[in-house]
Amino acid sequence: MSKAICCLKLKIFRMALLLCTSLLPAWAAAAEPGVITMTTAPTQSVADTHKLYGPLAEYLSQASGKQVKLVPVRNFLEYTSKMRKDEFDIIFDGPHFVSWRMQHTGHIPLARIPGELVFMAAVKDGGTIKDIKELVGKKVCAVNSPNLATLMVLDAFPNPVRQPVIVAQRSFKDSMQCLKDGKADAAILPVAFWKKFEKAGKTKGLRLLYSTNKQPLPPRTFSISKRVDAATREKIRLALLDSEGKPGPQPVLNRFRSKNFVAVKESEYTDLTRLLLSVWGFHE
């Protein structure tokens, strides 16, 4: 065999090896032996994610005897892409994402923020709209999906071609102001947000049109991959439930105005995957 042919075969082998490596699941390529990766929904900057969740990762590392590594993401496009590829071992986010992971990647819910989430649609007082179905084709101010408030209210419109037109806003405060400014016919808000502003007298001229109170949802929840062994999963679960007064979890608890995390029931997340069917990447 000539030297030229040997060199050519070696080059082909190296290219094939490189291709195979590039096709590995991202988590497998990036995984560090013995390291448990943790992330959260990017509702704050990467720097703020480190401030809030870095101490919690250290707390869980000490409790589990394994290194829990915080891996922040920059935006929801990166977040949902990596989540669907099953790149993270522990994730803290909304119940619709937890439900999807339980169904598609075998994640197990561990603990959550106490309480329940209820959402609503508000309209201007004295207007002609009396029923949620009348918002079909109308403009609605809302934080863009995959925001849970928006998805829950849109769940009242099962026909994808007969839904409101979302006027995307950066926050719930902006959504309320958008409605007040007459840029849309309604606004989607959390009921807790509405009550806070109602108490402060900032909802004058507006009224509640629709509420999701018949299906309250659990707040943000930790879920964990089955790649983490059962004994370690249990240590992490117990550490989360024993979080009250501990400095590590405190920044996150303060952020969600909670004293502790509470136990979960898997039934709380049943059928919530449906909320993501209209979101890119979750329709399969």
Side-chain angles (χ1 to χ4, degrees), residues 36-44 48-49 51-66 68 70 83 88-103 105-120 146-149 151-152 172 190-196 211-226 228-273 275-276:
I36 298 171
T37 56
M38 182 177 80
T39 197
T40 185
T43 50
Q44 60 284 311
D48 285 342
T49 299
K51 289 179 183 178
L52 283 170
Y53 294 92
L56 177 62
E58 293 178 10
Y59 169 75
L60 295 179
S61 295
Q62 293 173 1
S64 65
K66 302 286 181 69
V68 177
L70 179 64
M83 184 216 307
F88 306 110
D89 298 312
I90 301 174
I91 304 182
F92 181 60
D93 60 5
H96 49 331
F97 290 125
V98 175
S99 179
W100 186 90
R101 290 194 299 274
M102 289 171 65
Q103 182 176 335
T105 65
H107 262 231
I108 303 167
L110 286 178
R112 66 173 178 83
I113 296 292
E116 60 184 28
L117 300 177
V118 179
F119 305 103
M120 59 174 283
N147 180 267
L148 184 58
L151 292 175
M152 270 300 285
F172 296 126
V191 166
F193 175 93
W194 171 268
K195 288 181 177 178
K196 177 182 175 182
S211 169
T212 66
N213 59 359
K214 291 183 179 179
Q215 190 186 8
L217 300 182
R220 281 208 192 190
T221 301
F222 290 93
S223 74
I224 191 167
S225 171
K226 289 182 180 178
V228 179
D229 65 89
T232 302
R233 294 199 305 263
E234 182 64 7
K235 288 178 182 178
I236 291 173
R237 186 184 73 86
L238 293 175
L240 289 170
L241 297 180
D242 189 32
S243 57
E244 186 170 355
K246 304 293 177 62
Q250 205 58 51
V252 178
L253 292 171
N254 290 344
R255 164 69 176 78
F256 291 94
R257 298 181 177 85
S258 178
K259 291 183 179 180
N260 61 301
F261 300 113
V262 298
V264 298
K265 296 178 181 178
E266 291 195 6
S267 59
E268 294 180 294
Y269 307 90
T270 301
D271 194 35
L272 299 185
T273 301
L275 300 175
L276 291 167

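If you're wondering where the values come from, they're calculated on a predicted model, not measured in any experiment. Position 1 is the first residue of the sequence; numbering continues from there.
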Side-chain H-bond candidate by donor/acceptor type, [X] with [Y], under 3.5 Å:
| X | Y | result |
| --- | --- | --- |
| Thr273 | Ser99 | yes |
| Ser223 | Tyr269 | no |
| Asp89 | Thr37 | yes |
| Arg220 | Thr43 | yes |

Which pair of heavy atoms, one from [X] and one from [Y], lies closest together, and at what distance?
| X | Y | result |
| --- | --- | --- |
| Asn147 | Ala149 | OD1-N, 3.1 Å |
| Pro218 | Pro95 | O-CG, 3.1 Å |
| Phe88 | Met83 | CE1-N, 4.2 Å |
| Leu241 | Val262 | CD2-C, 3.4 Å |
| Pro146 | His96 | O-NE2, 3.1 Å |
| Lys51 | Pro55 | O-CD, 3.4 Å |

I need the [X] [atom1] to [Y] [atom2] distance, nearest 0.5 Å.
| X | Y | atom1 | atom2 | value |
| --- | --- | --- | --- | --- |
| Thr49 | Met38 | OG1 | CE | 10.0 Å |
| Thr105 | Trp100 | OG1 | CH2 | 6.0 Å |
| Gln250 | Asn260 | CD | CG | 10.0 Å |
| Thr270 | Lys265 | OG1 | NZ | 11.5 Å |
| Ser225 | Arg233 | OG | CZ | 8.0 Å |

Given 3.5 Å as the limit, does a donor-acceptor pair link the side chain of [X] with the main chain of [Y], or not?
| X | Y | result |
| --- | --- | --- |
| Thr212 | Phe119 | yes |
| Ser61 | Val68 | yes |
| Tyr59 | Ala239 | yes |

Next item on the list: For the pair Phe256 and Arg112, evaluate side-chain contact (heavy atoms from CB on, under 4.5 Å) and give the outcome as yes or no after the intermediate values.
Entry: CA-CA 11 Å; Phe256 291 94; Arg112 66 173 178 83; over 6 Å; no

Validation row: [X], [Y] side chains within 4.5 angstrom (heavy atoms):
| X | Y | value |
| --- | --- | --- |
| Leu70 | Thr40 | no |
| Ile224 | Ile236 | yes |
| Phe92 | Leu110 | no |
| Phe97 | Leu276 | yes |

Notebook entry, point to check: Who are the ring pair (Phe, Tyr, Trp, His ring centres under 6.0 Å) partners of Phe261, not counting sequence neighbours?
Noted result: Phe222

Next item on the list: Run through Ile91, Thr221, Val98, Ile90 and flag the one making a side-chain contact (heavy atoms from CB on, under 4.5 Å) with His107.
Entry: Ile91

Next item on the list: Go through the steps for Leu217 and Gln215 under the test side-chain contact (heavy atoms from CB on, under 4.5 Å), then give the verdict.
Entry: CA-CA 6 Å; Leu217 300 182; Gln215 190 186 8; 4.2 Å; yes

Check: Should Ile108 and Glu266 be marked as a side-chain contact (heavy atoms from CB on, under 4.5 Å) after you check the CA-CA gap, both sets of side-chain angles, and the distance that decides it?
Finding: CA-CA 8 Å; Ile108 303 167; Glu266 291 195 6; 4.2 Å; yes

Notebook entry, point to check: Which residues pass the salt bridge (Lys or Arg N to Asp or Glu O under 4.0 Å) test with Lys66, sequence neighbours left out?
Noted result: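 Result, salt bridge (Lys or Arg N to Asp or Glu O under 4.0 Å) vs Lys66: Asp229.
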
Notebook entry, point to check: Taking only residues two or more places apart in sequence, or in another chain, which ones meet Arg237 in a salt bridge (Lys or Arg N to Asp or Glu O under 4.0 Å)?
Noted result: Glu234

Margin query: Run Arg255 and Asp48 through salt bridge (charged side-chain N to carboxylate O under 4.0 Å, His left out) and show every step you take.
Written below: CA-CA 11 Å; Arg255 164 69 176 78; Asp48 285 342; over 6 Å; no

Notebook entry, point to check: Do Thr39 and Asp93 pass the side-chain contact (heavy atoms from CB on, under 4.5 Å) test, and can you show the C-alpha distance, the side-chain angles, and the key distance before you say yes or no?
Noted result: CA-CA 9 Å; Thr39 197; Asp93 60 5; over 6 Å; no

